[in-house]
Amino acid sequence: MATPGRIELDKLSVEQLKGLKEQTDLEVNLLQDSLNKIRTAATRLESASAALQDLSLRPHGKKMLVPLTASLYVPGSLDDAEKVLVDVGTGYFIEKTMAQGKEYCERKINLLKSNFDELVEVTTKKKAIADEMGLLLQAKLRQASPGPSS
């Protein structure tokens with residue numbers, strides 16, 4: 001007996017199976033894109049955390065280049081290394097102490113890694129389902145096509 005909400009793949013027609021496989025492949029691709037975005041965000045936060053560490057070691061009044069964008073830097077000097085602005089998203093910044101800024105980065109990195117691990121698990125299951133559908137579809141297509149005559 002089938003469990004509620006579960007589709008018995010072997011009872012589907014070839015067309016239904018093709019449609020379901022395409023949908024599952026699309027879901028797998030979207031999940032893999034999400035994994036890449038999470039990995040990129042975690043890398044950025046790790047880079048920000050390292051920059052905070054580097055900044056905390058610099059002396060007061062130190063001359064440096066300050067990034068305004070990814071490719072635009074302006075000259076500046078370090079006034080107070082104990083206060084930092086933390087980008088919390090959508091153009092909002094919050095002033096925090098150096099320790100709070102580092103802790104914020106670590107918290108976000110841990111959250112992203114947790115989400116990444118969960119998403120890897122879901123993606124693996126979806127990929128296994130898609131592979132199972134592909135094998136079943138190939139078997140059904142072989143049954144439907146007439147064998148070579150000898």
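For this chain, numbers begin at 1 and follow the sequence in order.
Taking 4.0 Å as the cut-off between side-chain N and carboxylate O, Asp54 and Arg58 count as a salt-bridged pair. Asp25 has a carboxylate O that lies under 4.0 Å from a charged side-chain N of Lys21, or vice versa, which qualifies the two as a salt bridge. Classification of Glu22 and Lys18 as a salt-bridged pair fails, no side-chain N sitting under 4.0 Å from a carboxylate O.
Side-chain atoms of Met64 and Leu55, non-hydrogen and from C-beta on, do get closer than 4.5 Å to each other. Side-chain contact between Glu106 and Ser49 is present, with heavy atoms from C-beta onward closer than 4.5 Å. Residues Lys37 and Thr40 are not in side-chain contact: their nearest non-hydrogen atoms beyond the backbone lie 4.5 Å or more apart.
Atom CG of Asp131 and atom NZ of Lys127 lie 4.0 Å apart (nearest 0.5 Å). Taking CG from Leu65 and OH from Tyr73, the interatomic distance works out to 8.5 Å, rounded to the nearest 0.5 Å. For the atom pair CD of Glu132 and OG1 of Thr24, the computed distance is 10.5 Å after rounding to the nearest 0.5 Å. Put simply, CG on Leu111 and CZ on Phe116 are 13.5 Å apart, with the number rounded to the nearest 0.5 Å. For the atom pair CE of Met98 and CD of Gln53, the computed distance is 8.5 Å after rounding to the nearest 0.5 Å. Rounding to the nearest 0.5 Å places CG of Leu26 at 10.5 Å from NZ of Lys126.
Contact record, Leu52 with Cys105: CD1-SG, 4.1 Å, taken as the closest heavy-atom pair. The two residues Lys102 and Ser56 make their nearest non-hydrogen contact at NZ-OG, 3.6 Å. Closest approach of Gly61 to Ser77, counting heavy atoms only: O-CB, 4.0 Å. Ala42 and Ile109 make their closest contact through O-CG1, 4.4 Å (heavy atoms, listed as atom of the first residue, atom of the second, distance). What you find for Leu119 and Ser34 is that their closest heavy atoms are CD2-CB, 3.6 Å. When every heavy atom of Val84 is checked against every heavy atom of Thr97, the shortest pair comes out as CG2-O, 3.8 Å.
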Checklist entry - Passes side chain to side chain donor-acceptor pair (under 3.5 Å), Thr123 versus Gln32? Steps please. => result CA-CA 7 Å; Thr123 304; Gln32 287 174 336; over 6 Å; no
Checklist entry - Can Lys113 and Asp117 be said to form a salt bridge (charged side-chain N to carboxylate O under 4.0 Å, His left out), step by step? => result CA-CA 6 Å; Lys113 286 182 179 178; Asp117 293 341; over 6 Å; no
Checklist entry - For Asn110 and Arg107, what are the C-alpha separation, side-chain angles and deciding distance, and is it a side chain to side chain donor-acceptor pair (under 3.5 Å)? => result CA-CA 5 Å; Asn110 290 336; Arg107 225 178 38 243; over 6 Å; no
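Under the 4.5 Å side-chain contact rule for hydrophobic residues, Ile94 and Tyr104 share a cluster. Criterion: ILVMFWY side-chain heavy atoms under 4.5 Å apart, direct or through other members. Under it, Val122 and Leu35 are part of a common hydrophobic cluster. Under the 4.5 Å side-chain contact rule for hydrophobic residues, Leu135 and Leu17 do not share a cluster.
Identified under the salt bridge (Lys or Arg N to Asp or Glu O under 4.0 Å) test for residues 71-90, with sequence neighbours left out: none.
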